[in-house]
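Each remark here refers to the structure printed beneath this line.
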Amino acid sequence: MRVSALVLLLVGAAVPLAAQQPKPASNPTVVLVSGPDVGHSAPDFTLAWANKDGIGPAENPYQLWRDRGKTVVLAFFPKDFTSGCTAQMQTFTDQYDTLFGSDVIVVGINADSLETHQRFAAKLGLPFRLLTDPDLKVARKYGSYDSSGRPRRTVYVVAPDGRIHYRNLKFNPMDPKDYSALGAAVREARGS
Amino acid sequence: MRTFLAGLLLLAVTPATPLAAQDAGPTVGAKAPVVQVPDLDGKPVDLGRYLGKQPVFLEWWATWCEQCEALLPRVRAARAEIGDRVAFFGINVAVNQSPERVRRFLQKTEVPYRTLYDGEGVSTRAYAAPATSYVVIVDRDGRIAYTGTGGDQDFLPALRRVATP
């Protein structure tokens, strides 16, 4: 019985993402993911941060649990200064008010150093923090780990009650529909 | 049973290969997807009128994209050299800009391609365009001959090859 339940859980987790994958040219590959699904509690984590103004103090890292009661957007992205990530972060910045709103906490997460984060945030004028997940432990918790050593591009919306309200495990920084869906999810979470 | 469970769990936590290439578009040699993309006035342009009939150059770009700006002189030079042997299209992504903003940009900046505006992201999804400055070159058989991103990408050899009768 336990085995059946486990298999069901794993297969069930795989289906939504597999459905989003483009058709492979050859050799179909089974895609299985982990990470909290909608309705599940967002795993807590603590990470060092930087923003456009500098590197955050070591004694004051970002801790997800401290933002309980607020809507939080977690944006895992592969690498600072690359074209896709620049497009995404610049869009988040330019459309911050319409996508998120001043009462929403947004954090970007990848494995880059705090120094790189600070330069990237300053260049784009990011109005939110970038967190450093050097060994991608948090990315693994959120099903955002990539064997290339960089996070996959995913977004999570954590509702004020600490549960996952929305997730997109294949966020496309070039697709206007992905931004629309994210903005709608944030509005819903803020009202929940 | 333990071995089976351990294997199952390993599968669950080990990402499969395609996820590593999340941002990658279609591969060289694949058939280029045929899509319709509107121009700036909203009039649909059927790329099927060109794909498979003549070589095609596609670039996904945005007015705010620094790498696209850096790439522009190379595209201009390529268009000047290749001329009408290749159909050149610049597809604006509808992220963080509007048709009006593109029009204002075009009043100040001459671009060497026909400008399209993919308001619904149809071409972006079909080609899995990973970033602005993404270039796809398609040969006269409709197969992808080149893909690349960045302001310093060297697409000219591929463009010359597909333009050669």
Side-chain angles (χ1 to χ4, degrees), chain A residues 2-3 6-7 9-11 13-14 17-18 20-35 77-79 82-88 90-95 99 123 140 143-154 169-180, chain B residues 1-2 4-5 8-31 33 60-62 64-68 70-71 91-98 117-134 148-151 153:
Chain A
R2 282 182 180 174
V3 173
L6 180 59
V7 171
L9 179 66
L10 293 170
V11 171
L17 184 61
Q20 295 178 28
Q21 297 300 309
K23 287 179 182 175
S26 60
N27 299 330
T29 307
V30 174
V31 177
L32 291 168
V33 296
S34 55
F77 65 105
K79 191 168 176 59
T82 54
S83 48
C85 299
T86 299
Q88 180 184 0
Q90 184 152 2
T91 302
F92 278 9
T93 299
D94 292 351
Q95 299 187 9
L99 278 176
K123 183 181 180 203
R140 287 171 199 263
S144 305
Y145 173 77
D146 188 306
S147 55
S148 69
R150 299 174 181 177
R152 291 194 296 116
R153 195 184 310 280
T154 65
L169 298 179
K170 199 173 184 296
F171 188 85
N172 183 340
M174 300 272 281
D175 192 337
K177 288 189 173 177
D178 282 6
Y179 292 96
S180 299
Chain B
M1 183 57 68
R2 279 186 179 177
F4 170 69
L5 276 178
L8 204 55
L9 284 170
L10 186 64
L11 263 178
V13 299
T14 306
T17 305
L19 298 181
Q22 179 189 8
D23 282 345
T27 54
V28 169
K31 272 282 189 186
W60 282 261
W61 70 286
W64 44 262
C65 169
E66 290 182 4
Q67 302 207 41
C68 307
L71 186 63
I91 302 174
N92 272 272
V93 299
V95 170
N96 207 21
Q97 61 178 357
S98 63
Y117 189 86
D118 191 3
E120 296 296 319
V122 173
S123 70
T124 300
R125 283 189 292 278
Y127 283 83
T132 43
S133 79
Y134 183 54
T149 59
Q153 59 180 303

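Letters go in sequence order (proteins before strands), and every chain restarts at 1.
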| task | Working to the nearest 0.5 Å, report the span between OH of B:Y134 and CG of B:L71. | result | 14.0 Å

| said: Looking only at heavy atoms and a cut-off of under 4.5 Å, which of A:Q95, A:Q88, A:M174, A:K177 has the most pairs with chain B? | reply: A:M174

Given heavy-atom pairs under 4.5 angstrom as the criterion, report whether the side chain, backbone, both or neither of [X] touches chain A.
| X | value |
| --- | --- |
| B:E66 | side chain |
| B:T132 | both |
| B:A94 | both |

| query | Side chains of B:I91 and B:W61: does their closest heavy-atom pair fall under 4.5 Å? | reply |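 No, their side chains stay 4.5 Å or more apart.
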
| task | Return the orientation label for the B:Y127 and B:W60 ring planes: parallel under 30°, perpendicular over 60°, tilted otherwise. | result | tilted

| Closest heavy-atom contact between B:A129 and A:N172? | O-OD1, 3.8 Å

